[in-house]
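Encoded as C-alpha cells, the structure appears first; notes follow it.
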Amino acid sequence: MLCKRCVLPENKPYIYLNEEGVCNICLDFDRRRSKENAALLEFELIKVLEKYKGKGKYDCLVMCSGGKDSTSSLYFIKKRYRLNPLAFTFDNGFESEGAIANVRNAVEKLKVDWLYFKSDFMQEMFSEVIKTKSKFSLCPLCSLWYIQLTYQVATQYDLALIISGWTQGQLTSPVLTKRFGSGLQPERMSCILQPESEFLLLCEQIPPFIDVMRKKYKKYSDFPKSMNDIKKKYRISKKAMILSPHWFLPYDPKEYVELIKNELGWKKIEFSYPAESTNCYLNVLGSYLSMQAYGFTHFHVEMSKLVRLGKLSRQEALDKLDLDINIEPGPSIIMSVLKKLGCAKGDL
Amino acid sequence: MNILGISCFYHDSAACLLKGGKLVCAAQEERFNREKYSEAFPVKAANFCLQAADLTSYDIDYIGFYEKPFLKLSRVLLDHLRAFPFSWKSFLNTMPLWLEDRLILPLKIHKELCYSGETLFIKHHLSHAASAFLPSPFEEAAIVTVDGIGEWATTAYGFGRGNDIKIIKEVLYPHSLGLFYAILTTYLGFNVFEGEGKVMGLSAYGKPKYMDEFKELIMVKSDGSYKLNLKYLSLNRESRMFNKRFEKKLGKARNPEDKIEERHCDIAATLQKVLEDNLILIAKNVYKETKMDKLCLAGGVFLNCVANSRIIEETPFKEVFIQPAAGDNGGAIGVALYINNTLMREPRIYAMNHAYLGPAFSADHIKRVILNHNLEFLEFKNDELSDYVADKLSRNKIIAWFQGSMEFGPRALGNRSILATPCNANMRDILNSKVKNREYFRPFAPAVLEENAQEFFEIKCASPYMLLAPKVKKDKINLIPAVTHVDETARLQTVSKCFNPKFWHLIKAFQKITGIPVLLNTSFNLKGEPIVCSPEDAIKSFQRSNIDYLVMDNFVVRNSGDF
C-alpha cells in the first residue's frame, strides 16, 4: 500500500502508514517544515558562486550526465551566473550514446572544457551484486564511486566548488554541501538535504558487501563504504562542496527543458527509467532489482520528496514511476546490461 | 537598462524591477515573509522580481533606494537631542538599527543581493512624487505628496513636466499631516499603519464636533501650509506621541480594549474633516501656483479614499492620478522610474494601468498544490467558471478568489480577494464572523463593472485602485447594502475588462443572475496576516477560515457543503 500523500510503499520498520494512510516520512517532513523556511533564494547561491569566481583557470567543476537537470545546471553556471566551469562526465560503461551526445553538444555550444571519464572498473562489483542476489540498489553503490571520483578530479584541479544537477528531491548527505567559509548557512539547507531513513534502507546492505568485495578484489581494497567514508578520506568539508542551482531556482523542469532544447540542442533519450529522465542503462536494471527487493527505488524517494515540497503532484510522480520496465525496450536493455556484466537472466 | 527599486526599514518594504523602461514586477516583502507591514530588507521581493524577469544580480544596471539614509539620520539625531533626556531609551533602541544596516546600505545591498554596481539614493518625497507623476498618463501635472515622515519632509508639492520633477515647497518634520493622523489613531486606541483606515471608517459614524479643539492642535493657513502645536505632543519622549495636555483638550485616550463611544467617533470625524480640508487647501494652492489641470498624488495619506474623493470633487483639477501603492512601498517604483526617466533621460514609455505586478502561478502549479493537499476540486473552463462562481455568490456563499498576478499595494483588486454578494444586508456580519473578524464600523468595498460605475455611484472617473469613496446613488443603496457605508459612500473599485478580464467576467456573470454589476471585494487574508501570495498561503488561510469556496485559476475547492 502506498502512502496517500507521497509514492512510498509501507516497508516497516522504516516506512509505516498512520490511520489516514500517510507515511511517517511525510509526517516527519511536516514537522520539520513547520519550523523551517525551506525556500532558498537565488541570491544565496550567487553569494557562494561569487566566492569561487576567478580563483584559477576554472571556477568550478560541473557534474554533467547529459540529462536535463545536469545539462541545465551547466547552462545556468555558464550563462546565468557567468562562471567558467570545467564539465565532468562519468560513464560507468552504461551511459547511453544520446546522453553523451547531449553533453558533447552542450560543452561545444557553451565553449566549456570537458573531462569525459569512462571505465568498467565497477563491472565486477555490479556483477557480484547480481550473482549474489545482494539486496540493495545499484545506484547508491555506483554513486559512492562517482562522488569519490568527482572529489578526486576537483582536488586535482584545485576546485573547491562542485556543481551538480540534483533536484531538491535528490537525497544527498548534508556533509557534501558544507564547506568552511563558503558563507552558505547549513541550517538554510537542512530542510531539503535531510537524509531520509527510507533512503538509508536502500543502502544499509552496502557496507558489509563492500567488506566482502575489498577482500575478494584487490582493486576495491580502498573502495568507500559510505559518503562519510569519502568525507573522512578526502576531508571533503575542507576541500570542496557540492551545490545544485535547482535547489535555488523556482523553475519547473518543463521550463528548463525548453531552454536547453533551444539553446543547446538537448534531446530526450529513447528509453530511461523513470519516464522523462536520462539515466544510464544500468539504472534500468538497478531499478528493477530495487523494486524486487524493496518495492520502491531511490527515484520513489526523490519524487516523494518533490511531492512533499510541492514541486510535483503525486499523480505526476506515479505516472513517471509507472513506466513499465517489463515492457520493451526495458527487457532488452536489462538483457544487454546483464550480458555486459557476464550475467544471465537466471541470475536475477 | 534594468533598475531595481527598493524601499525598506520603516514599513511596507518592497522591491520592483524596471526592465527597458517598463515596470515588469513589484512586490512587498510582507507577502513573502508573512509579517504584515514588514520593514525588513526586501530580499525575497527582490529575488522574486529578478526571477520573474529572468535576470540575476549581474544584469542589474542600477539599484535605487527610496530615501537618503544620512539625511534621515540627521533628523532622527536632532529629534532625539531636542527631547533629551527623555529620548534616551528611544535613542538606544534606534541607533543599533542605523549602524547595522541603514547607514551602510550599499554594503548591505552588496551582501544581500550580490550586487556590485552603483546604488542611487533620492529623497523620500521625491520618490513619492516620481511614483505619482512618472507612471501617470500626463505629460505635465501638479504633484502633491503627503505622508508621516520622510527624511525631513512630510508634505511636498511641485510639478512634473516631461521627464522632470520640480518640488516647489516642503513642510518639514515635526509638522506632518500623516503623523498627526497617526497620533490621533493611537489616541483612539488603534495601531499605526493599520489603524488609520479604521479611523477613516469610524469617522463616518461621528460628527466633526471638535473643530475648535483641533484648531489648537493644528494651525492651517489658507494656502494649506500648516503647523502642529508641539505643546500637545511628546515625540520621542514617551511610548506615546501625545501628552497629558493633549488628553486634557480631547479627553482621556482610548485603550484598545475600551468600548468605542460617540466621543471617539466625533474625534475621528473631526480629524478626517481637518485632513480633508487641509488637503483641499494644499491642492487648490498647488493649482494656483502651477496652473496645471492634472494632479498626481502619492504618500500614505492618499490611501485615504474619502479625502481623495473630496480632492477630485472640490478642486479645479480635471484629471487625477493616484499611485496605487501610495505608501512607502510605492517609493520603490518612484526611485526606479526617477533613475530611468529623470537621471538617465530615458523616454517615459511606461504608464501604470494596473497594479497586477506580483507573483503569478501556473495552472499546473496550482493543481499540484491542491492535489498535494489532498483536496477535492472541480476544474472549469473560463466561461463556465464565471457562471458557477456567480451562482454561488448569488446564493450568499463566500468565495476566496485567487487569480493571476498578485496586486502591488495594500488593496486586493480581484486577484487575491474574498468576494461575496453586496445585496445581502447581513453579509458584513457574515463575513466578519466567518473570516475577517473586523470592527463593525469598517465598511467592505464594492467592485463594479467600469461601464456601470456611474449608474450606481456618484463618480465621474474610474477608480481602479479602490482609492476613491464616492456616494452610492440614492436609488441603489438598498440594492447593495453590504458595501454601502453608514455615510452612504463606498470605497469603490471599478473593474475594467481590459486589465482584469477574469474578474470582469465574474461580475458580469453575477449581473446576469442578479441584475447587480457589483461584488463585495475584500482582501484575501485573515486578521493580522498579510494578503496571501502563493497557492500554499491561500490554502492555509482558506482552511483556517469558514470561507465556502476557494477558486484558484479555474479550480474550485470547497471547505464544506456541496460543490
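Numbered from 1 within each chain, the chains take letters A, B, ... in sequence-line order.
Side chains of B:Ser362 and B:Asp364: a donor-acceptor N/O pair is absent below 3.5 angstrom, by distance only. Side-chain polar atoms of A:Ser72 and A:His246 form a donor-acceptor pair below 3.5 angstrom. A donor-acceptor contact closer than 3.5 angstrom links the side chains of A:Ser272 and A:Ser277. Side chain to side chain, A:Thr71 and A:Asn102 fail the donor-acceptor criterion of an N or O pair below 3.5 Å. Between B:Asn559 and B:Asn546, the side chains place no donor N or O within less than 3.5 Å of an acceptor N or O (distance only, hydrogens not considered).
In summary, A:Arg80 and B:Asp54 engage in a salt bridge, as defined by a charged side-chain N under 4.0 Å from a carboxylate O. Between B:Asp537 and B:Arg31 there is no salt bridge, since none of the side-chain N atoms of the basic residue sits less than 4.0 Å from a carboxylate O of the acidic one. The residues A:Lys320 and A:Glu302 are annotated as not salt-bridged, no charged nitrogen and carboxylate oxygen being separated by less than 4.0 angstrom. Between A:Arg31 and A:Asp28, at least one side-chain N (NZ, or NE/NH1/NH2) sits under 4.0 Å from a carboxylate O, which counts as a salt bridge.
In this structure, the portion of B:Lys111 lying under 4.5 Å from any heavy atom of chain A is its backbone and not its side chain. For chain B, no part of A:Phe76 is nearby; none of its heavy atoms comes within less than 4.5 Å. Looking at A:Tyr81, the atoms closer than 4.5 Å to chain B (heavy atoms on both sides) sit in the backbone and in the side chain alike. Contacts between B:Asn47 and chain A at a heavy-atom distance below 4.5 Å involve backbone atoms as well as side-chain atoms. Neither the backbone nor the side chain of A:Glu44 comes within contact range of chain B; no heavy atoms are under 4.5 Å apart. Heavy atoms of B:Leu371 lying under 4.5 Å from chain A belong exclusively to its side chain. Interface residue A:Lys254: only side-chain heavy atoms are found under 4.5 Å from chain B. In this structure, no portion of B:Glu536 lies under 4.5 Å from any heavy atom of chain A.
Other residues, nucleotides and ligands contribute at most 12 non-hydrogen atoms within 6.0 Å of the NZ atom of A:Lys4.
In this structure, OG on A:Ser304 lies 3.5 Å from CG on A:Leu8, to the nearest 0.5 angstrom.
Among the candidates B:Leu50, B:Val43, B:Asn33, the residue making the largest number of heavy-atom pairs closer than 4.5 Å to chain A is B:Val43. Contacts with chain B were tallied for A:Glu50, A:Arg314, A:Gln315; A:Glu50 has the most, counting heavy-atom pairs under 4.5 Å.
When the heavy atoms of residues 55-67 of chain B are compared with those of chain A, the residues falling under 4.5 Å are B:Leu55, B:Thr56, B:Ser57, B:Tyr58, B:Asp59, listed by number.
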